[in-house]
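Report on the structure given below.
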Amino acid sequence: MSGTDAPRYLLDLRGRQADFGAWVVGIAFCRETGAPGFGLGDGTLRIGLDGAVLQVHRGAVLSVAADCARGFLTGGDDGKLCTSSDGLTTVLADYGRRWVEHVAAHPEGLRVAASGRMLHLLDGQGVALKSLPHPSTVAGVAIDAKGKRVAASHYGGASIWFAAAREDKPRRLEWKGSHGAILFSPDGTHVITAMQENALHGWRLSDGQHMRMTGYPAKTKSMCFTAKGRWLATSGADGIVLWPFFGGGPMGKAPTEIAGGDGVLCTQVACHPEHEVVAAGFADGLVLVAEIASGKILPVAPPGRGGVSALAWHPQGHLLAFGTEEGFAAVVDFSPR
Amino acid sequence: MTEQVPVTVLTGYLGAGKTTLLNRILTEQHGRRYAVIINEFGELGVDNDLVVDADEEVFEMNNGCICCTVRGDLIRIIGGLMKRREKFDGIIVETTGLADPAPVAQTFFADEEVKRAARLDSVVTVVDARNLPARLADSREAEEQIAFADLIILNKMDLVSEEEAAAVEARIRAINPWAELIRTTRSAVPIEVVLDRQAFNLEKILERMPEFLSGEDRHSHDSDILSCSFQAEGPLDPERFNAWITQVLAVKGQDLLRSKGILAYRGEDRVFAFQAVHMLADGDFIRPWREGEPRVSRLVFIGRDLNRPWLRRGFLACQADAPAADFEREMARWSGAA
């Protein structure tokens, strides 16, 4: 590139950064303190960019979520489920040699952890509630917005469980193939999974209607709904792919693509908690924020410090945190000045 | 991009000596770090600081091909291992004795992220010299494990006579003439023979087996697996070869266990290496042709029910100076067979 109009990156103007030296696996913001927690491939959890360093797992952290109240819930390849707050880590469960690959928590006091074929449910105090079996390894978990239902993806589809059910019988959503990342729509009416075959699959829960969303050049690893659930933003293409969940969509509707065209794979997406704005991270390290309606792009961080592996908004939407495979991490401030 | 981690797949029937070999590799003082992925029904404990339990979850790819099966657990585990800070010198995947080796091998062709992180170095099959004839008689998997192997460790040699050993070797050679064969007792094989062999570096295999390329089919009367090899003297037209091999794999992929080739493309100064497991194929330029080296293309297939004349004529028709009509006829043959 030449000329004097090189993009100015928000990171230089309003960001703080750190080099953690290990793969940034996931980022979550604490529900009480608002501090970002970075889960890393060296088994540590970093609170903020220069705060506490907690050795939460022996191998790598595999999943991080904001815990029900204060602190962070993590799963690791040491088979443990931990919660960390105020500089202290507590082991909630040890599932042995099976990795704890996916965790999630809800403020109503529900924690879930996937380990092998089992989905374990715990309450906010750490009491084990139930362990739910699946036909194959659980490859993704999600809790609905109300904290009532839990969804787990696996080979052949997904299973929906009521956390408080007296008798545990899942609703099976079936679709041939291997399903990974999973989420509920914000209103709880749809469940979406990302598949091995570079496609998404969705189910409308009211009538079991299937939705197939195809055309991706790569596997979707990251997806999220915009705040009011109008758009599903996804990674797996050379831009942000957005599926409309309004006006009869996504069935029969083409997706909208924004922030594309460089031939670099989008690896992470994170929807702003309030506005129809999506943050995206790319395989070359580029981070940007895009407004859906206008397609306008705000460059956040330049390429060059490793593929973006984690990306998250503060629940109030004024901070964006991201991290890369090479251990670069940053927090960028979007609050008005 | 970081270098791909070499992966060794360790197969063999129950009791052949797989776990003994694994423990030997891991306890030898070699200063290298290996992650070991073992199946949940492992025979013995494995002593290593990085052992991952796997469930051998095999699933079909949704591409309409029933032979395109991959190991979902491996995709996840390799993805997870890559996130760890300390890196490995290699990954060893142990399979159960009854496992078909195809899904493991295909995982390294079918998934882009796995391909980026790891490369299949070799398939090592441990066989019990005394019990192999019985295993071959009653199990299709035993035969496939031999057909897939790059290295075959003929173990428990102390339990057989020289005549018996020779007979077992002949059985193995009839199924798989490519693989390197090592005789041993109590799985006593030096680590460098087993790991990071670059056995999928086809050149070495093909160099190792010059007599194999004489054009003779290997076919055992007790086995339905056979292998055949072909040589083309003239440079290949890459478009023709791609079109033809794609068609052959699409039609015949289920019966083709392994296919490998070293190809000389017209106007190209580099050696192209091709390989496939069933219908999943992969290929790349591996090095420049050496000065004075004969630029011939070689292709080998191991599989069931192979039509040698069809394969030979088709391969030869991919030569750039072969008449277009020949090539079209060979293509039409496979379309008709579909």
Side-chain angles (χ1 to χ4, degrees), chain A residues 20-26 39-44 57-63 76-77 79 96-102 116-117 135-140 154-156 175-180 195-199 201 212 214 217-219 221 236 265 267 283 306-307 309-310 325-327, chain B residues 1-3 33 35-42 45-66 68-88 91 94 103 106-107 109-117 280:
Chain A
F20 289 148
W23 190 302
V24 182
V25 174
L40 305 184
D42 63 0
T44 64
H57 295 285
R58 214 186 53 208
V61 175
L62 293 177
S63 182
D77 62 9
R97 285 231 293 250
R98 294 270 181 253
W99 293 2
V100 181
E101 286 185 77
H102 305 281
R117 295 174 189 196
S136 63
T137 299
V138 174
H154 42 77
Y155 180 55
W175 188 258
K176 198 183 157 219
S178 179
H179 301 256
M195 300 193 62
Q196 169 72 21
E197 288 85 8
N198 301 348
H201 197 82
R212 299 177 65 189
T214 58
K219 221 187 291 183
K221 301 287 284 273
L265 193 68
T267 53
S309 53
E325 295 178 3
E326 291 175 14
Chain B
M1 200 178 88
T2 50
E3 205 173 316
R33 282 198 83 218
V36 184
I37 301 171
I38 61 171
N39 67 77
E40 58 186 332
F41 304 110
V46 173
D47 183 25
N48 189 39
D49 61 342
L50 190 55
V51 175
V52 185
D53 272 5
D55 288 310
E56 298 209 344
E57 290 179 347
V58 174
F59 70 83
E60 284 170 32
M61 297 284 288
N62 272 350
N63 58 3
C65 166
I66 60 155
C68 282
T69 49
V70 299
R71 285 267 305 267
D73 57 318
L74 278 186
I75 295 175
R76 282 193 308 275
I77 289 168
I78 288 174
L81 288 177
M82 291 308 125
K83 292 172 183 159
R84 293 177 73 117
R85 185 163 61 180
E86 70 281 18
K87 296 302 172 204
F88 315 105
I91 297 173
E94 183 210 21
Q106 288 179 161
T107 303
F109 294 79
D111 188 85
E112 288 303 320
E113 280 162 55
V114 170
K115 268 161 88 171
R116 196 174 72 138
L280 294 179

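Order of the sequence lines fixes the chain letters, A, B, ..., with proteins taken first and strands second; residue numbering starts at 1 for each chain. Note that the structure is predicted; figures quoted are calculated from it, not measured.
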TODO: Could you grab the distance from atom CD of A:Glu197 to atom CD of B:Glu60, nearest 0.5 Å is fine?
DONE: 10.5 Å
TODO: Measure the spacing between CZ of B:Arg84 and CZ of A:Arg58 and express it to the nearest 0.5 Å.
DONE: 7.5 Å
Open item on the list: Determine whether a donor-acceptor pair (N or O, by modelled atom type, separation under 3.5 Å) exists between the side chain of B:Glu57 and the backbone of A:Ser136.
Closed with: no
TODO: Measure across B:Ile77 and A:Trp99 and return the closest heavy-atom pair with its distance rounded to 0.1 Å.
DONE: O-CH2, 3.5 Å
TODO: Taking side-chain contact (heavy atoms from CB on, under 4.5 Å) as the test, write out the residues that go with A:Asn198, two or more places apart.
DONE: A:Tyr216, A:Lys219
- [ ] Verify the neighbour count for atom NZ of A:Lys221: are there more than 12 heavy atoms of other residues, nucleotides or ligands below 6.0 Å?
- [x] no
- [ ] Could you pull out all residues at least two apart from A:His201 that satisfy ring pair (Phe, Tyr, Trp, His ring centres under 6.0 Å)?
- [x] A:Trp175, A:Trp203, A:His210
Task: Least distance between heavy atoms, A:Ser178 atom then B:Phe59 atom - done: CB-CZ, 3.4 Å
- [ ] May I have the step-by-step check of side chain to side chain contact (heavy atoms under 4.5 Å, CB included) for A:Arg97 and B:Ile38, ending in yes or no?
- [x] CA-CA 11 Å; A:Arg97 285 231 293 250; B:Ile38 61 171; 3.4 Å; yes
